[in-house]
Amino acid sequence: MQLRIFTEPQQGATYDDILAVARRTEETGFDAFFRSDHYLAMGGDGLPGPTDAWLTLAGLARETSRIRLGTLMTAATFRLPGPLAISVAQVDQMSGGRVELGIGSGWFEAEHDAYGIPFPALGERFDRYEEQLAVITGLWGTPSGETFDFDGEHYRISGSPALPKPVQDGGIPLLVGGSGAKRTPRLAARYAHEFNVPFMSAAENARLFAGVRSACEEAGRDPSSMTCSSALVLCVGRDEAELARRAAAIGREVDELRENGVAGTPAEAVDTLGRYAEAGATRVYLQVLDLADLDHLDLVAAEVAPQLS
């Protein structure tokens with residue numbers, strides 16, 4: 001099982017805070033560093049304010065050398081698909097081909113209101129999201145020297161040179177995720193390299209993974225070509241006192257974290273991750289909420305990750 005570090009900088013972090021976590025992620029052997037794409041804190045004051053996801057990843061692309069970098073998830077409401085395809089492809093080049101794009105329909109209405117971003121009804125958001133997937137993959141997949149056209153309800157493209165291109169072999173991996181029963185698995189089967197289930201039980205992960213595998217079969221795609229992953233909050237301590245301290249730092253209760261996250265002692269974390277592996281997850285995004293606690297990553301790298309290799 002691959003372990004990736006996943007952060008929520010909108011809760012309060014500078015670029016230097018994010019860089020410190022990304023560097024420790026690389027130094028301690030984790031596979032990747034991902035971040036949310038949000039502009040408003042969900043509780044708390046969020047000081048000193050939000051950082052833009054793709055500006056952040058562009059910086060990290062030049063200040064790291066091994067780890068993969070990406071979003072979980074970029075909101076399709078935030079950016080037009082053509083400029084987004086350009087930005088992500090550019091960061092791919094800047095990183096030497098280490099970028100992945102997680103993209104979703106967008107859901108947090110308050111941040112749209114706070115920064116003047118239109119927030120259509122759910123049906124339209126999903127329609128726009130589907131068209132964005134078609135446009136982004138179409139632009140990246142157009143052979144060099146040819147042009148790309150798209151005539152959708154919400155986005156229309158004519159004669160695009162479809163540049164720049166991703167640099168990594170096979171193109172930039174796309175992540176699609178969520179708990180939708182029909183459209184989400186269908187979109188994942190059509191466009192995604194990876195299907196992610198956020199913050200749900202192992203049993204729910206197994207059910208949703210089965211749904212996306214069925215969608216792959218219906219689309220004529222080999223289900224084994226889809227990577228299935230889980231996202232879970234992380235809170236691990238060597239003893240109960242350290243665990244309680246880390247839980248308090250992120251405003252959570254130990255018992256609740258043990259029930260809903262990767263929490264407890266290192267041995268408990270290994271057991272929890274084993275249940276997700278049995279459910280079908282081959283990759284887990286460990287949500288780190290206290291970005292100042294770099295010793296947390298050291299502990300997981302030393303006492304949890306080796307048990308899962």
For residues 71-80, please give each side-chain donor-acceptor pair under 3.5 Å, one per line with the distance, not counting sequence neighbours.
unit_1 : atom_1 : unit_2 : atom_2 : d
T71    : OG1    : T74    : OG1    : 3.1
T71    : OG1    : G102   : N      : 3.4
T71    : OG1    : G102   : O      : 3.0
T74    : OG1    : D37    : OD2    : 3.1
T74    : OG1    : W54    : NE1    : 3.0
T77    : OG1    : H112   : NE2    : 2.7
R79    : NH1    : D37    : OD2    : 2.6
R79    : NH2    : D37    : OD1    : 3.3
R79    : NH2    : D37    : OD2    : 3.4
R79    : NH2    : Y39    : OH     : 3.3
R79    : NH2    : D52    : OD1    : 3.2

Practice problem: Please collect all salt bridge (charged side-chain N to carboxylate O under 4.0 Å, His left out) contacts where either partner lies in residues 204-216, sequence neighbours excluded, each pair once. | Solution: E204-R207
Practice problem: Quick one: list whatever passes salt bridge (Lys or Arg N to Asp or Glu O under 4.0 Å) with D290, sequence neighbours left out. | Solution: none
Quiz item: Which residue pairs pass the salt bridge (charged side-chain N to carboxylate O under 4.0 Å, His left out) test when at least one of the two sits in residues 187-202, sequence neighbours left out?
Solution: E194-R283
Practice problem: Run through the side-chain heavy atoms of Ile, Leu, Val, Met, Phe, Trp and Tyr, join any pair under 4.5 Å, and report what else lands in V254's cluster. | Solution: L243
Exercise. Please say whether more than 12 non-hydrogen atoms of neighbouring residues, nucleotides or ligands are located less than 6.0 Å from CZ in R66.
Key: yes
Quiz prompt | Ion pair R186/E130, N-O distance below 4.0 Å | solution = yes
Self-check item: Cluster overlap F34 with L3, hydrophobic side-chain contacts below 4.5 Å
Solution: no
Quiz item: salt bridge (charged side-chain N to carboxylate O under 4.0 Å, His left out): which pairs involve residues 214-231, sequence neighbours left out?
Solution: none
Quiz item: Which residue pairs satisfy the side-chain hydrogen bond (donor to acceptor under 3.5 Å, both in side chains) criterion with at least one member in residues 296-309, sequence neighbours excluded?
Solution: R24-D298
Exercise. Report the hydrophobic cluster partners of L208, with the cluster defined as I, L, V, M, F, W, Y residues connected by side-chain heavy atoms closer than 4.5 angstrom, directly or transitively.
Key: F195, V197, M200, F209, V212, M226
Self-check item: Value rounded to 0.5 Å, distance of OG in S144 from CG in L163
Solution: 6.5 Å
Quiz item: Should T147 and S160 be marked as a side chain to side chain contact (heavy atoms under 4.5 Å, CB included) after you check the CA-CA gap, both sets of side-chain angles, and the distance that decides it?
Solution: CA-CA 5 Å; T147 59; S160 173; 5.8 Å; no
Self-check item: Pairs where residues 83-95 contributes a residue and the test side-chain hydrogen bond (donor to acceptor under 3.5 Å, both in side chains) is met, not counting sequence neighbours
Solution: D92-Q168
Quiz prompt | By salt bridge (Lys or Arg N to Asp or Glu O under 4.0 Å) - contacts of E253 (at least two apart) | solution = none
Exercise. Tell me who clusters with L47, hydrophobic residues only, linked when side chains sit under 4.5 Å apart either directly or through other members.
Key: none
Quiz prompt | Parallel, tilted or perpendicular, as decided by the 30° and 60° cut-offs, for the rings of F126 and Y129 | solution = perpendicular
Quiz item: Salt bridge check: are R183 and D127 linked by an N-O gap of less than 4.0 Å?
Solution: yes
Practice problem: Starting at CD of E259, measure out to CG of D255 and round the result to the nearest 0.5 Å. | Solution: 9.0 Å
Quiz prompt | Counterpart residues, salt bridge (Lys or Arg N to Asp or Glu O under 4.0 Å), relative to D17 (two or more places apart) | solution = none
Quiz item: Same cluster for V288 and V304 if Ile/Leu/Val/Met/Phe/Trp/Tyr side chains link at under 4.5 Å?
Solution: yes
Quiz item: Going by distance alone, is a donor N or O of one side chain under 3.5 Å from an acceptor N or O of the other, for R4 and S229?
Solution: no
